[in-house]
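Shown next, in structure tokens, is the structure this report addresses.
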Amino acid sequence: MRLEGIPASPGYAEGLLFDLDRPPAGYRAKASVGEEKAALELAIGKAVNRLTTLADAADADAAGILEFHIAMLEDDALSGPAFASIGSGQLADAAWRAALDSEIAGYEASDQDYFRARAADLRDIRDQVLRALSQDGEAAAAPGAILYGEDIAPTRFLETDWSAGGGIALKAGSTASHVAMLARSRGVPMVVGLGGSAEKVGGFALLDAERGGIVFSPSPADIETFRRSALSFADRQGAAQTFLTRQAITKAGAAVRVQVNIAYPSDVDGIDIATCDGVGLMRTEFLFGKTLPDEETQYQAYRKVLEWAGDKPVTIRTVDAGGDKPIPGFTVEETNPFLGLRGIRLSLKRRDIFRVQIRALLRAAIHGNLKVMFPMIATPEEYGQAVALFAEEQAVLAAQGVAHKLPPLGIMVEVPSVALAPESFADVAFFSIGSNDLTQYVMAAARDNAAVAHLNSVRNPAVLRLIAAVAEFGRGKGIPVSLCGDAGGDPATIPALLEAGLRDLSVAPAQLAMAKAAIADVSV
Ligand code: PEP
Ligand code: MG
């Protein structure tokens with residue numbers, strides 16, 4: 001049997017399936033309400049200890065996720081209803097499960113990918129405590145196994161030994177989940193959206209996380225084809241390492257700038273600045289967590305990245321909240337968030353929040369080679385308004401005698417109106433093509449919907465024609481054009497992007513070597 005899904009982290013894995021959906025062992029009832037409450041308290045404590053041990057050994061990103069779990073476990077808002085139910089006669093495990101399941105249902109019902117992805121965090125917390133309650137030492141997956149199930153808990157990912165290979169295959173899941181982010185940064189192959197097959201599968205399987213699919217009980221012919229693809233991927237990856245420290249250049253000698261996309265300031269800790277041409281996109285949505293970050297927090301975050309990059313450019317994007325990246329207290333509930341109040345539309349509506357970010361950027365600009373760009377621009381008026389706000393805040397800082405600098409201000413090209421009529425934007429400092437959104441809007445195929453993933457292709461001639469038109473317009477007017485969507489790091493798409501006239505790509509750090517190797521193979 002073969003299932004198709006969406007690749008969340010590229011690579012190949014063959015191995016035995018490990019069932020992620022195995023229910024935890026049973027719970028033994030205690031003698032009194034007091035003992036039930038004590039049992040739950042002890043189990044929460046055990047779960048916190050286990051997470052703390054994991055967090056101590058984890059890198060910055062993973063530790064951040066675990067600390068988020070610990071904070072949730074220690075929050076009375078989560079455990080309060082469970083203790084109340086025990087008081088009215090429920091057993092500790094049933095009370096905890098019911099309390100968490102009702103929270104989880106709320107997250108799962110959200111039509112926003114980000115919140116649905118957080119349901120996985122809550123399920124993880126629920127199971128950690130249930131496991132501690134039942135004293136069920138969790139069965140670890142055998143080294144090299146393919147973890148298969150509905151969804152995967154972040155702690156399960158962190159506790160798994162990936163040194164012998166293995167991969168993740170999810171019936172549901174999301175490319176925007178915490179685990180998907182960890183898998184990409186660690187190079188663990190992962191496929192999501194395989195669909196809820198009712199059939200109980202087990203045994204040996206082949207996971208192709210380059211194209212996005214899994215084969216259960218494969219035939220010898222399946223295995224042979226799979227191993228050829230896996231070998232070719234490993235060869236390409238190995239060979240690519242030699243390109244990492246070199247300037248990217250095509251077979252015909254055209255130089256291509258390759259920058260990196262980052263989301264957290266800590267992302268730069270693992271990147272050697274010599275291996276890239278700067279930061280082509282720093283997303284700032286992730287700084288906006290549970291609370292909106294103040295000016296100082298933002299200033300420090302931007303300054304860290306600018307100082308790391310030295311004289312190389314760092315392009316920071318003003319917050320692109322909304323769509324699949326909602327921010328509590330900022331974005332609004334909408335039936336169709338991808339076509340709603342997101343990106344610059346929301347920033348221009350909530351100018352109080354936007355002005356804080358603008359001041360932080362103006363102040364940070366003195367610490368390096370900053371460029372700032374606006375997301376989701378659809379009309380020249382929006383650009384004009386954003387530029388005017390920069391001028392206003394610059395005047396405020398100047399009047400206060402605060403050190404600052406006005407950076408070049410450019411725009412994302414991700415709404416078709418801009419790509420179709422770039423001449424309306426001849427006064428921008430630069431264009432950066434957001435192929436993720438441009439593709440979903442041109443093809444009318446949501447970027448997070450597995451059912452229409454086959455339509456969501458940058459290589460569709462309509463999308464490529466728009467990219468080529470923007471590149472040509474930029475060349476003619478002397479306006480720099482780069483591309484920072486995920487397509488820029490996809491070796492299969494790079495030739496088409498260079499043929500469309502692009503010479504400046506920005507990719508995920510883990511894709512730098514493969515992207516440079518792919519560029520070296522193109523004859524433009
Ligand atoms: C894009 O749309 O291609 C892009 C780079 O922005 P994001 O993925 O953050 O929407
Ligand atoms: Mg976008």
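Note that ligands are numbered from 1 as they come in the structure, with each ligand's atoms numbered from 1 the same way.
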Q. Do you know which N/O/S atom name in D437 is closest to the Mg ion (ligand 2)?
A.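 Nearest N/O/S atom: OD2.
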Q: Have a look at E414 and say which of its N, O or S atoms is nearest the Mg ion (ligand 2).
A: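 It is OE1, the N, O or S atom of E414 closest to the Mg ion (ligand 2).
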Numbering the atoms of ligand 1 from 1, which are under 4.0 Å from a heavy atom of [X]?
{"X": "G434", "answer": "1 (C), 2 (O), 3 (O)"}
{"X": "R283", "answer": "4 (C), 5 (C), 6 (O), 7 (P), 8 (O), 9 (O)"}
{"X": "M412", "answer": "4 (C), 5 (C), 6 (O)"}
{"X": "L281", "answer": "5 (C)"}

Is [Y] paired with [X] through a side-chain N to carboxylate O contact shorter than 4.0 Å?
{"X": "D320", "Y": "R342", "result": "yes"}
{"X": "D269", "Y": "K304", "result": "yes"}
{"X": "E393", "Y": "R351", "result": "no"}
{"X": "D486", "Y": "R447", "result": "no"}

Would you check if [X] and [Y] make a side-chain contact, meaning some heavy-atom pair closer than 4.5 Å?
{"X": "M412", "Y": "I377", "value": "no"}
{"X": "E296", "Y": "R363", "value": "yes"}
{"X": "K171", "Y": "Y148", "value": "yes"}
{"X": "F425", "Y": "I479", "value": "no"}

Q. Is it true that some N/O/S atom of D320, main chain or side chain, lies under 2.8 Å from the Mg ion (ligand 2)?
A.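 Checking the Mg ion (ligand 2) against D320, no N, O or S atom falls under 2.8 Å.
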Q. Which protein non-hydrogen atom lies closest to atom 6 (O) of ligand 1, naming both residue and atom, and how far is it?
A. R317 NH1, 2.9 Å
Q | Distance-only N or O hit between ligand 1 and R447, under 3.5 Å | A | yes
Q: Before signing off on this row, confirm whether E414 and ligand 1 have an N or O atom pair separated by under 3.5 Å.
A: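 Looking only at distances, the answer is yes, because the N/O contact criterion of under 3.5 Å is met.
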Q: Answer yes or no on whether R236 is positioned over the face of F233, meaning its NZ or CZ is under 6.0 Å from the six-membered ring centre and within 45° of the axis.
A: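 So R236 doesn't make the cation-pi contact.
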Q: Measure from atom 4 (C) of ligand 1 to every heavy atom in D320, N436, T284, L438 and give the option owning the shortest one.
A: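 It is N436 that holds the nearest heavy atom.
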Q: Could you check which of C484, G322, S506 puts a non-hydrogen atom nearest to atom 5 (C) of ligand 1?
A: C484
(Q) I'd like to know whether ligand 1 has R342 as a neighbour, heavy-atom separation below 4.0 Å. (A) yes
